[in-house]
**Q** 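I have a structure here, written as structure tokens, and I will follow up with some questions on it.
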Amino acid sequence: MTELIDLTAAQAARGVQTGEIGAAELFEAYRRRAAGEELNAFLWVADSPAAGGSPADRPLGGVPLAVKDLFCTEGVPSQAGSRILEGYRPPYTATVVAKLTAAGAPLLGKTNQDEFAMGSSNENSGYGAVLNPWDRGRVPGGSSGGSAAAVAAGLAPWAIGTDTGGSIRQPAALCGIVGLKPTYGACSRYGMIAFASSLDQAGPLTRDVTDAALLFRHMVGHDPCDSTSVEFPGQVALPVAEDLRGIRLGVPEELTGDAGGVQSGVRESFEATLNLAEGLGASVEPCRLPHAPHALSAYYLIAPAEASANLARYDGVRYGLRVDGDADLITMYSRTRARGFGPEVKRRIMLGTYALSSGYYDAYYGTAQKVRTKISEDFRVAFEQFDFIATPTSPWTAFELGSKTDDPLAMYFNDFCTVPMSLAGIPAISIPSGLSEGLPVGFHLAGPAFSESRLLDVAYALERAIGFDGRVART
Ligand code: GLN
């Protein structure tokens, strides 16, 4: 008999629907693994699936779901990886989590993450680093590192995370799984503890492309509680493509040339995947994204600016940590924030406050917004000639724990290839393209807004041609 954890989520859902697998048995198999794990991927694990109708009648078949800590879940700790929210149990559930539960994916647990989703290695979590299941001396990527490590290690069949500048795609790449950042507005942000509201998007982290499509299908849609969410055009299609005939892939020199500092093993895997794409019938040509090299600078002004405003609410009054309630109000605020936030969050608040301050606003925030518009225009022009843009997901494979913590700029560089798509609000997916020195490499594809069904289709054809085997990480 095939071990339950060797099944993809879609296979497990089908098994429950046909009666070959018991939903309770499936939940228990993962619950036991999640409760006994040693990667620090989970911050909380459920005892049992929440009561509801019969899983066999639901599209997601009772397959349990790991959820990044920053999604509010009613009565369950939702701390965004921060000590300032330690033990916070919200009175309501994020829309995407509620939708997935209703579709038949019960909450398995809450996953570790960088504090308030600020980071690329999970080392900024207030609850300790997460270990990469491929090599426990290395980071899983971030900020959705707990979700990525859990799926890669077979502690969860699938997971959701959020991506503001790369936080789904980069950890998916470093852990050898699939991660999809949807079009901005495709999924409701209601109940997601905010980092940078004009960039944050929820999305799936899964073992394969089919699982990503299945989960994403049940996440999308307009939500009256989030005025930036929109109705997804049509139903998300499950991928079927066998070849890539007629698909035009553009490879931007700006993100793949020497400026990107791409590791040689990552470059080799990227080029091998482009060759596979050509073999499947795609055309592969260079393309231009002239402003993309400035994306990182613009992002590190815009995202901290929005974060500085969003994080003003943690004041020790309404929820979360409160230090020295007897002191005068201003002293209580500052003591609470000094104790509750970690160093990276403080750095972002200072950067963002500075970028927004009068006298500097135009020079920093205003200029960054103009660069953002230029980057969107670059993509619009590129998509007149190409169907999708291909880059490596991350310039590097998983790096050693502690190796970049003293150098914020080196850490920020992780997002060199993922941030441009975030600024433009367009969808992008990372799929495993192979191994370099025993560590997974991610292949990154971006498409025009709301092209997710086609993007997943192309990723699926490539996935089959690549034939990546992630079993090692599940042992
Ligand atoms: N690593 C990036 C940052 O630290 C992106 C994080 C994210 O997408 N949430 O801001």
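Each residue takes its place number in the sequence, starting with 1. As the structure is a computational prediction, the values presented were derived from the model and not from experiment. Atoms within a ligand are numbered from 1 in the order they appear, just like the ligands themselves.
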**Q** Roughly how far, to the nearest 0.5 Å, is the CD1 atom of Ile193 from the CZ atom of Phe71?
**A** 10.0 Å
**Q** What orientation do Phe232 and Phe216 show, parallel under 30°, tilted 30 to 60°, or perpendicular over 60°?
**A** perpendicular
**Q** Considering only protein heavy atoms, which is closest to atom 10 (O) of ligand 1, and at what distance to one decimal place?
**A** Tyr299 OH, 2.7 Å
**Q** Any nitrogen or oxygen of Asp163, main chain or side chain, under 3.5 Å from a nitrogen or oxygen of ligand 1?
**A** no
**Q** For the rings on Phe116 and Phe195, is their centre-to-centre separation under 6.0 Å?
**A** no
**Q** How far is atom 2 (C) of ligand 1 from its nearest protein heavy atom, and which residue and atom is that?
**A** Asp415 OD2, 3.0 Å
**Q** Just distances here: any N/O of Gly165 and N/O of ligand 1 closer than 3.5 Å?
**A** yes
**Q** At a 4.0 Å threshold, what atoms of ligand 1 neighbour a non-hydrogen atom of Ser143?
**A** 9 (N)
**Q** Relative to the heavy atoms of Tyr300, which atoms of ligand 1 are at a distance of less than 4.0 Å?
**A** 1 (N), 2 (C), 3 (C), 4 (O), 10 (O)
**Q** Give the ring-plane orientation class for Phe413 versus Phe416, where under 30° counts as parallel, over 60° as perpendicular and anything between as tilted.
**A** parallel
**Q** Give the numbers and elements of all ligand 1 atoms closer than 4.0 Å to a heavy atom of Phe195.
**A** 9 (N), 10 (O)
**Q** Between Phe379 and Phe383, how do the two ring planes meet: parallel, tilted or perpendicular, split at 30° and 60°?
**A** parallel
**Q** Just to be sure I'm reading this right: ignoring hydrogens, which of Met411, Arg169, Gln113, Arg348 gets closest to atom 4 (O) of ligand 1? Compare them by their nearest heavy atoms.
**A** Arg348
**Q** Starting from atom 6 (C) of ligand 1, find the nearest protein heavy-atom neighbour and note its residue, name and distance.
**A** Ser167 OG, 2.8 Å
**Q** Looking only at distances, can you tell me whether any N or O atom of Thr162, backbone or side chain, sits closer than 3.5 Å to an N or O atom of ligand 1?
**A** no
**Q** Answer yes or no: is there an ion pair linking Arg347 with Glu344, defined by an N-O contact shorter than 4.0 Å?
**A** yes
**Q** Check this for me - ligand 1, Ala117, N or O atoms closer than 3.5 angstrom, yes or no?
**A** yes
**Q** Could you list which atoms of ligand 1 come closer than 4.0 Å to a heavy atom of Met118?
**A** 4 (O)
**Q** Salt bridge between Glu74 and Arg89, side-chain N to carboxylate O under 4.0 Å?
**A** no
**Q** Can you find a non-hydrogen atom of Ala303 under 4.0 Å from ligand 1?
**A** no
**Q** Below 3.5 Å, N or O to N or O, backbone or side chain included: is there any such pair between Gly142 and ligand 1?
**A** no
**Q** State, to 0.1 Å, how close Glu115 and Ser82 come at their nearest heavy-atom pair, and which atoms those are.
**A** OE2-OG, 2.7 Å
**Q** Salt-bridged, Asp226 to Arg189, with N to O below 4.0 Å?
**A** yes
